[in-house]
Amino acid sequence: MSSFDEMDAFEGASLSSRAMAARPQPYLDALNPAQREAVECLQGPVLMLAGAGTGKTKALTARIVHLLTTGTARTNEILAVTFTNKAAREMKERVGGMLGQPAEGMPWLGTFHAICVKLLRRHAELVGLKNNFTILDTDDVIRLLKQLIRAEGIDDKRWPARALANVIDDWKNRALVPTKVPVADASAYNGKGVDLYAQYQTRLIELNAVDFGDLLLHMVTIFQNHPDILEQYQRWFRFIMVDEYQDTNVAQYLWLRLLAGGHKNICCVGDDDQSIYGWRGAEVGNILRFDKDFPGAKVVRLEQNYRSTEHILAAASGVIAGNQGRLGKELWTDAKGGEKVRLIGHWDGEEEARWIGEEIEAMQRGTRGQGPRDLDQMAILVRASHQMRAFEDRFLTIGLPYRVIGGPRFYERLEIRDAMAYFRVVTSPDDALAFERIVNTPKRGLGDKAQQTIQMTARENGVSLVEGARLAVENGLIKGKGAGQLRQLLDNLARWSAMTVGPVLEIDDESVLDDGGAPQMRFGEPDVPHYELAQIILDESGYTTMWQNDKNPDSPGRLENLKELVSQLENFENLQGFLEHVSLIMDNASDDAGQKVSIMTLHGSKGLEFPAVFLPGWEDGLFPSQRSMDESGLKGLEEERRLAYVGITRSEEVCTISFVGNRRVFGQWQSQLPSRFIDELPDEHVEVLTPPGLYGGGYGAAAPSEAPVRSSIEEKVALADGYNSPGWKRMQSRAGQYGTAQPKPAKNQIIDVKAVSSFTLGDRVFHQKFGYGMIAGIDGDKLEVEFDKAGLKKVVAAYVSASDDIPF
DNA sequence: GCGTCCAAAGCTGAA
DNA sequence: CTTTGGACGC
């Protein structure tokens, strides 16, 4: 086997033939002809069209290994980009595995964002940044935009900052700097979009900060404006590989095209049928026109699927066939037989969760005719994250271990973000956003007015916020209790800063590029270990105490999280390194230990596979998502369909699709129709399950206002026998017409003014939040109601409806 | 300046 | 149903 030491012996020369002859290449023997073709074609542009489960990652990693063992490239000459950290990690591991040792030497294997951070740190000054710039996450961005919006006198209720953030993000994805935004987009955000975008960019530079989109955008700008720098990297990255090419947006596409422009040794791997990120600017067009960008490109199709049984594959193919304008691949498999895709309907979401929970337990015990399965082999893939809740609730109840992947992330929690803001202020005192966040957390008697004074002082003197705060307090502009507390905070900050050491970025010069070393960042040695410093900061700032004194039931949990945060810090060399890791790798540092069922979104499941997969919530409006169809029409629907395809193709052996008749949306019952994708599943590859017991099966027919009730046996039978018949479908579409016309219960059923007067003392009423109660008093349009559970409350009559229930 | 109460909005998707 | 932000009272 090769090793990096051995490879050093080949340094600097063109060695392919010698190396090839000298080394055994077992990784090549493990490939099928198509994979091998793609792997062995090292020079020139290559497009690998790889369907789901066709050994794409295997081929990609084999290609890297092939580049290395043939001596064609050295590890640091290969630029390999992925979209997720998960994918990058996996590829590193697999390259290491094939080489027989860890692939530490692949410095340029990573996500677009991680690689761009490295590059941008080297060239930050070219776009007006310092090399220790901060990376803002979505939360910071929104807060910043809100400030700008309010400064413009725009009502941020009518024009939410979030909407502007989306617009700007969209422009950045399309590699549009403010001056390049097309006239057609001038109306964006009430006509103020472009102006605010420009302001926002200016502000970011002032703050020495970037957002996610900037990482790419700035690098594209630099490459475009500095041909010499671009050329350096073109020489440097002699081989480029891109995973999930169908998901690249315009900015990423330009970035790649610029870098590959010289040698054109670029190998892109993708599957147009798995393009599911159109909403964040991905252009399927990139993959469709690859051979126009790179004339003479070799196109290889991987069509043999090694993952799923033929029924699962056929079901997926049947669904995706409904899309127009595909490059067209025909997946096939040697694996014959297996179970059909299973389909089941339930009364509501709770029952769906209950049934899936039981099914999982049965699979675990092996009583479902398959032999026992580990929980790790099972996954629930949902369309929208709010669907997860029903499963979590249910699994907690029955004590079924689960793990949520990509759910509410550790680093997005309030306490973690606060703690990190402290770290940020300490490591870079210019970080205004972080300072704003912590200045009055815990409460230091520094409210709106004091904070405005700080802002003004800073602006008038042209200094940072921290500096402005010091000036303000020294000049007695801040009064009362706040002044002393602020002074103490500032002293603390200065002290903590002295205990750490700022990043000593050693910008490597040309020679480093030429002699083969990757650009490095090095940091000085701090006086106190950073993890101890972190603990000190949290304790001395009073932040820990704040939660200790908080009586909320979740406070202990928050303290736990802070402890966890500090202990994770030990894995990093310094606070800066940690902060960067956090901003780029928002992975769930979930406890991998133990057997657990995975719950995740369909988007999050891409690239994964499980023996048994559950796909709940296949209902029109939820999946395909109404919003997607409203916003993007047929294009949106086709993307949803690809999502369905991705979901089904995650499964190896058992795939169970389910839908419900009633679902609670915003706490209100809505009747649902089965997804149109269910109609598109080929009958001969689907088995319709009869719901067990006497429950379930009904949908759309019963008034959703009542709590779920037992459905009739007739309904159940109709579901079991008739779902495939044209008559059933017609019935369902009719039910849909009636269904949507049905009066909605509770909240929406607002009682008009005339009706209000009809309330009298003693009437039974229903309130969406407080439940049932009796009217105890009437005061204009307000009612005093003695609620059965919530006690006496004064509520607006419009939010109460008459009820004829019987108190229990 | 801080806490409490109430009305309104929100649930795609994510580095 | 849950979360959030604004209004109001202390």
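Chain A is the first sequence line, chain B the second, and so forth, proteins listed ahead of strands; every chain is numbered from 1.
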Using the ring centroid of each side chain, check whether Tyr277(A) and Trp279(A) are separated by less than 6.0 Å.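 Under 6.0 Å, so yes.
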Near DNA chain B, under 4.0 Å by heavy atom, which residues of residues 616-627 of chain A?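 Listed by number, they are Ser625(A), Arg627(A).
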Can you pull out the residues from residues 147-165 of chain A that lie within a 4.0 Å heavy-atom distance of DNA chain B?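 Close to the strand, none.
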Name the nucleic acid region contacted by [X], choosing base, sugar-phosphate or nothing; use a 4.0 angstrom heavy-atom cut-off, strictly under.
| X | result |
| --- | --- |
| Arg663(A) | nothing |
| Lys481(A) | nothing |
| Thr601(A) | sugar-phosphate |
| Gln451(A) | nothing |
| Phe83(A) | sugar-phosphate |

Name the residue closer to the 5' end of DNA chain B, choosing between Ser628(A) and Leu446(A) according to the nucleotide with the nearest heavy atom.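 In this pair, the answer is Leu446(A).
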Mapping Leu643(A) and Thr138(A) onto DNA chain B by nearest heavy atom, which one lands closer to the 5' end?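 Nearest nucleotide further toward 5': that of Leu643(A).
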Roughly how many Å apart are dG6(C) and dC11(B), using the C1' atom of each and rounding to a whole number?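 Approximately 23 Å lies between the C1' atom of dC11(B) and that of dG6(C).
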In whole Å, what separates the P atom of dT4(C) from that of dG13(B)?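 16 Å, rounded to whole Å.
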Set of residues satisfying side-chain contact (heavy atoms from CB on, under 4.5 Å) with respect to Glu638(A), sequence neighbours excluded: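 Counting only residues at least two positions away or on another chain, Glu638(A) forms a side-chain contact (heavy atoms from CB on, under 4.5 Å) with Asn323(A), Gln324(A), Leu634(A), Arg641(A), Arg642(A).
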Which nucleotide, dG13(B), dG5(C), dC2(B), lies nearest any side-chain atom of Asn440(A)?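 Of dG13(B), dG5(C), dC2(B), dC2(B) is nearest to the side chain of Asn440(A).
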Which heavy atom of Ala421(A) sits nearest to which heavy atom of Ile438(A), and what is that distance?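 Smallest interatomic distance, heavy atoms only, reads CB-CG2, 3.5 Å.
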Between Asn286(A) and Thr248(A), do the side chains contain a donor N or O and an acceptor N or O under 3.5 Å apart?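 The answer is yes; a qualifying pair exists.
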Just checking, any donor-acceptor pair under 3.5 angstrom between side chains of Asn249(A) and Asn173(A)?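 There is such a pair (donor and acceptor under 3.5 Å, judged by atom type) between the side chains of Asn249(A) and Asn173(A).
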Is any NZ, NE, NH1 or NH2 atom of the basic residue among Lys635(A) and Glu639(A) found under 4.0 Å from an Asp or Glu carboxylate oxygen of the other?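 No, no charged N to carboxylate O under 4.0 Å.
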Aro-ring/base stack Trp279(A)-dG13(B), d under 5.5 Å, angle under 30°: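 By the stated criterion, Trp279(A) and dG13(B) stack.
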With the six-membered base ring of dG10(B) as reference, does the ring of Phe666(A) sit under 5.5 Å away with planes under 30° apart?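 Stacking between Phe666(A) and dG10(B): present.
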Audit row: Arg280(A), Asp169(A), salt bridge (Lys or Arg N to Asp or Glu O under 4.0 Å) steps and yes/no: CA-CA 8 Å; Arg280(A) 61 168 205 215; Asp169(A) 194 48; over 6 Å; no
Any Asn173(A) side-chain N or O less than 4.0 Å from OP1/OP2 of dA15(B):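 For dA15(B), neither OP1 nor OP2 has a side-chain N or O of Asn173(A) closer than 4.0 Å.
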